Amino acid sequence: MNAPTDTHSVTLDPQQWTFAAGEDESLFQAARRAGIRLPTICRNGTCRTCFSRMESGSVRYLVEWPGLSAQEKQEGFILPCVAVATSPIVMVNPHAEKTADAAG
Ligand code: FES
């Protein structure tokens, strides 16, 4: 049996949708599990299609060199396809959509 991992609450602005993100999955994967689609193409941290601003919270990355400058990281920009929540997060992505099978 796998040990349970911590989960953190993620709030999407401006939609005010929330979902739970585990420390073993990307924010993109956690959102998709909750029926929320974030815009993506590469899903490996290079294309920047998922580029989002984090208003609060903290993340770690699944890849060594996510496609963000040091300044962008400092300003709170993240790449949700390779970012993992390490605390509760509020992030801005006006292009997020609910998938057809999403409840609510
Ligand atoms: S989808 Fe390409 S960087 Fe996130």
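Just so it is clear, the structure is predicted and the values come from calculations on it, not from any experiment. Both counts, for ligands and for their atoms, begin at 1 and track the order of listing.
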Hey, which atoms in ligand 1 end up nearer than 4.0 Å to a heavy atom of R43? 1 (S), 2 (Fe)
Under 2.8 Å from atom 4 (Fe) of ligand 1, is there any N, O or S atom belonging to C81? yes
A side-chain contact here means heavy atoms from C-beta on lying under 4.5 Å apart; do I78 and S52 qualify? yes
Below 4.5 Å, heavy atoms only, C-beta onward: do V82 and C50 meet side chain to side chain? no
Around atom 4 (Fe) of ligand 1, find the nearest protein heavy atom and jot down its residue, atom name and distance. C50 SG, 2.2 Å
Are any N, O or S atoms from C42 nearer to atom 4 (Fe) of ligand 1 than 2.8 Å? no
Any R33 side-chain heavy atom under 4.5 Å of E25 side chain: yes
Are F51 and L79 close enough that some pair of their side-chain heavy atoms sits under 4.5 Å apart? yes
Mind checking whether V82 contacts ligand 1 via backbone (N, CA, C, O), side chain (CB onward), both or neither, at a 4.0 Å heavy-atom cut-off? neither
Is the side chain of T18 donor-acceptor paired with the backbone N or O of T11 at a distance under 3.5 Å, no angle test? no
Among S58, S9, S56, which one satisfies side-chain hydrogen bond (donor to acceptor under 3.5 Å, both in side chains) with S87? S58
Is it the side chain, the backbone, both or neither of N44 that has a heavy atom closer than 4.0 Å to ligand 1? neither
Under 2.8 Å from atom 2 (Fe) of ligand 1 - does any N, O or S atom of C47 fall there? yes
Atom indices of ligand 1 within 4.0 angstrom of T40 heavy atoms, with elements: 1 (S)
List ligand 1 atoms under 4.0 Å from I41, heavy atoms only on the residue side. 1 (S)
Can you check whether R32 reaches T40 side chain to side chain, under 4.5 Å on heavy atoms? no
Quick one: does G45 get a heavy atom under 4.0 Å from ligand 1? yes
What atoms of ligand 1 come closer than 4.0 angstrom to any heavy atom of T46? 3 (S)
Give a yes or no on this: more than 12 heavy atoms of other residues, nucleotides or ligands lie within 6.0 Å of atom CD of E64. no
Protein contact to atom 3 (S) of ligand 1 [nearest heavy atom, distance to 0.1 Å]: R48 N, 3.1 Å
